[in-house]
Amino acid sequence: MELPIVTEISQNRRSPFEVLIATILSLRTKDEVTRSASKRLFEKANTPQQMLGLEDSEIAELIYPVGFYNTKSRTILEVSRVLIKDYGGSVPDDLDSLLRLKGVGRKTANLVLTLGYGKLGVCVDTHVHRINNRLGYVKTKTPEQTEMALREKLPKQYWIQYNDLLVTWGQNVCKPISPICSKCDISIYCKRIGVTKSR
DNA sequence: AAAACGGGGGC
DNA sequence: GCCCCAGTTTT
């Protein structure tokens, strides 16, 4: 099973900055599309200093297929500027500082901590949110509520592996539409809440 | 709470 | 052709 792109980047010993940028590119975007776009971008620039050497429109053109390319290219440049100005050109390794960056929300911040620094983070995206609610493990409306619930319920030692596992599972088995329940190892524990069609 | 940001891929 | 995607910001 192919690894999600951001995970793959972290496992190739890429920098926290690359994890951060790849995560920004991946927002609301299919994994395969993010894969090619991040590769193109990193060939041109993979540090905040190098990013600032590119024009807004240049970045937008490189990442074009990911969608939201105007927002994302501005975010990349703005984040790069702040990293140089306030953090000596490196990515901060605490949640509060990361959340203060424009364009970085809870999911991105926690993912940078987890994959960029091997630190604690419960990263709740649509996959983690959906799977936990289907299982009946949590009953939450927003991803942030799911994050807080998991911090209480899930043993710390599993937090880092947990996200990668569920995202991979969410992309390949417990899909948003027509999940392949016959291929699911934890099917017997699942309440299938909100699952209409399954295979 | 809902809209806006967006092209690509699945069906 | 229609709907969703490792979200976040703005209204």
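No hydrogens, no waters, no symmetry mates; every other heavy atom, side chains included, goes into these values. Every chain is numbered from 1, with letters handed out A, B, ... down the list of sequences.
- Rounding to whole angstrom units, CD1 of residue I24(A) and C1' of dC5(B) are separated by 15 Å.
- T34(A) and T29(A) share no side-chain donor-acceptor pair at under 3.5 Å.
- Residues from residues 126-134 of chain A with heavy atoms under 4.0 angstrom of DNA chain C, sorted by number: T126(A), H127(A).
- Every side chain to side chain contact (heavy atoms under 4.5 Å, CB included) that T126(A) has, sequence neighbours left out, goes to R28(A).
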Counting only pairs under 3.5 Å, give me each side-chain donor-acceptor contact of residues 56-66 of chain A, with atom names and distances, residues two or more places apart or in other chains.
unit_1: D56(A); atom_1: OD1; unit_2: S73(A); atom_2: OG; d: 3.0
unit_1: E58(A); atom_1: OE1; unit_2: E55(A); atom_2: N; d: 2.9

Between the protein and nucleotides 8-11 of chain C, which nitrogen or oxygen pairs come in under 3.5 angstrom?
unit_1: dT8(C); atom_1: OP1; unit_2: G105(A); atom_2: N; d: 2.9
unit_1: dT8(C); atom_1: OP1; unit_2: G105(A); atom_2: O; d: 3.3
unit_1: dT8(C); atom_1: OP1; unit_2: T108(A); atom_2: N; d: 3.0
unit_1: dT8(C); atom_1: OP1; unit_2: T108(A); atom_2: OG1; d: 2.8
unit_1: dT9(C); atom_1: OP1; unit_2: G103(A); atom_2: N; d: 2.8

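- Two residues are said to be in side-chain contact when any heavy atoms from C-beta on lie closer than 4.5 Å; V128(A) and L150(A) meet this criterion.
- At the heavy-atom level, P4(A) lies under 4.0 Å from base atoms of the strands shown.
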Every protein N/O lying under 3.5 Å from an N/O of nucleotides 7-11 of chain B:
unit_1: dG7(B); atom_1: OP1; unit_2: Y69(A); atom_2: OH; d: 3.2

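- Each of K72(A) and K141(A) was assigned the nucleotide of DNA chain B with the nearest heavy atom; the assignment lying further toward the 5' end belongs to K141(A).
- Here the CG atom belonging to D125(A) is positioned 14.0 Å from the CZ atom belonging to R106(A), to the nearest 0.5 angstrom.
- Contacts of R81(A) classified as salt bridge (Lys or Arg N to Asp or Glu O under 4.0 Å), with partners at least two apart in sequence or in another chain: E78(A).
- Applying the ring-ring contact (aromatic ring centres under 6.0 Å, His included) test to pairs two or more places apart or on separate chains, none has a residue in residues 91-139 of chain A.
- For the salt bridge (Lys or Arg N to Asp or Glu O under 4.0 Å) test, residues two or more places apart in sequence or in another chain that qualify with D93(A) are K119(A).
- The distance between atom CG of N70(A) and atom C1' of dG6(B), rounded to the nearest whole Å, is 9 Å.
- Here the CG-CG distance, from L99(A) to N110(A), works out to 7.5 Å after rounding to the nearest 0.5 Å.
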Exercise answer: donor-acceptor pairs, residues 178-195 of chain A side-chain atoms, under 3.5 Å, sequence neighbours excluded:
unit_1: S182(A); atom_1: OG; unit_2: R199(A); atom_2: O; d: 3.3
unit_1: S187(A); atom_1: OG; unit_2: R192(A); atom_2: NH2; d: 2.6

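- For the P atom pair drawn from dG6(B) and dG1(C), the interatomic distance equals 23 Å after rounding to whole Å.
- Residues forming a salt bridge (Lys or Arg N to Asp or Glu O under 4.0 Å) with R14(A) (at least two apart in sequence, or on another chain): E18(A).
- Scored by the side-chain hydrogen bond (donor to acceptor under 3.5 Å, both in side chains) test, K107(A) finds no partners at all (sequence neighbours excluded).
- Salt bridge status for R100(A) with D96(A): absent, with no side-chain N to carboxylate O gap under 4.0 Å.
- For DNA chain B, if you chain together Watson-Crick or G-U pairs that step i with j, i+1 with j-1 and so on, the runs of at least three with distances under 3.5 Å are B:1-5 with C:7-11, B:7-11 with C:1-5.
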